[in-house]
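As structure tokens, the structure follows; a few thoughts come after it.
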Amino acid sequence: MKYEIGRRIRKYREELGISQKQLAEKIGVSNGRVSNWEQGLNRPDADMLAGLCEALNVSPSLLLGLKLSEDELDDMEWKIIRAYRKKRDLQKAVKILLGICTE
């Protein structure tokens, strides 16, 4: 049986541009363990999920592939939010464009 969470771990890790080793270091596991997750050979323990979500900068529902409600953000919306958070110098301009801030 192959576990689907591994595909999502790889996707979000690659979006961040980090290696398996870098992800492993962030969450305190071996890179072999991350590799096994991504290959679908096994899956992370429940107690690893919070650290994985934080390291990958994704919500638990995205990492687990859950759709919680109609209001849940899709992949593109999460990608926009992550990009926005990285670009502090552009945040004010984005807020002005969206009519959230007039300063």
Side-chain angles (χ1 to χ4, degrees):
M1 168 186 238
K2 283 208 169 217
Y3 296 104
E4 288 296 313
I5 191 170
R7 182 180 49 79
R8 289 185 294 276
I9 291 170
R10 172 176 279 147
K11 173 186 173 187
Y12 297 122
R13 177 184 59 76
E14 288 176 348
E15 281 183 10
L16 286 176
I18 62 173
S19 67
Q20 287 179 344
K21 183 177 181 179
Q22 289 170 313
L23 176 58
E25 288 171 355
K26 283 184 172 201
I27 60 174
V29 299
S30 70
N31 61 321
R33 198 163 173 194
V34 172
S35 175
N36 286 342
W37 295 339
E38 289 188 1
Q39 292 177 59
L41 301 176
N42 55 37
R43 59 185 173 211
D45 298 329
D47 60 344
M48 297 295 308
L49 292 177
L52 267 170
C53 289
E54 186 175 327
L56 295 170
N57 197 23
V58 297
S59 70
S61 58
L62 274 179
L63 187 61
L64 296 172
L66 302 174
K67 194 74 169 166
L68 299 179
S69 71
E70 294 288 322
D71 296 329
E72 183 70 25
L73 301 176
D74 65 27
D75 280 347
M76 181 55 75
E77 291 166 324
W78 279 111
K79 195 175 212 176
I80 291 167
I81 290 169
R82 288 193 304 271
Y84 170 82
R85 288 177 178 168
K86 290 179 187 176
K87 307 278 186 179
R88 295 212 181 267
D89 56 325
L90 298 177
Q91 289 177 1
K92 184 176 180 182
V94 170
K95 289 175 185 176
I96 291 170
L97 285 170
L98 294 174
I100 298 170
C101 171
T102 57
E103 294 178 19

If you take all heavy atoms of I5 and L63, which pair is closest and at what distance? CG1-O, 3.6 Å
With hydrophobic residues grouped by side-chain heavy-atom distances under 4.5 Å, do I81 and L62 end up in a single group? yes
Looking at CZ of R85 and CD of Q91, how far apart are the two atoms once the value is rounded to the nearest 0.5 Å? 9.5 Å
Heavy-atom pair of closest approach, residues Y12 and L56: C-CD2, 4.0 Å
Rounded to the nearest 0.5 Å, how far does CD1 of I9 lie from CD of Q20? 10.0 Å
Between CG on residue L52 and NZ on residue K26, distance to nearest 0.5 Å: 11.0 Å
Shortest non-hydrogen contact between Q22 and I18, atoms and distance: OE1-CA, 3.1 Å
Nearest-0.5 Å distance, CD of residue E14 to OG of residue S19: 11.0 Å
I'd like to know whether W37 forms a side chain to side chain contact (heavy atoms under 4.5 Å, CB included) with V29, so could you lay out the CA-CA distance, the side-chain angles of the two residues, the decisive distance to 0.1 Å, and finally the verdict. CA-CA 12 Å; W37 295 339; V29 299; 4.2 Å; yes
Among K11, R7, R13, R8, the one residue meeting side chain to side chain donor-acceptor pair (under 3.5 Å) with E38: R13
Quick one: do I100 and V94 end up in the same hydrophobic cluster if we chain Ile, Leu, Val, Met, Phe, Trp and Tyr together by side-chain heavy atoms under 4.5 Å apart? yes
Donor-acceptor under 3.5 Å (R82 side chain, V58 main chain): no
Please find the pair of heavy atoms, one from P44 and one from L49, that lie closest to each other, and give the distance. CG-CD2, 4.4 Å
State plainly whether one hydrophobic cluster holds both L64 and M48, where clusters connect Ile, Leu, Val, Met, Phe, Trp and Tyr through side-chain heavy atoms under 4.5 angstrom apart. yes
Pairwise side-chain contact, K86 with L16, heavy-atom cut-off 4.5 Å (strictly under): yes
Establish whether L98 and Y84 are linked, either directly or via other cluster members, by ILVMFWY side-chain heavy-atom contacts under 4.5 Å. yes
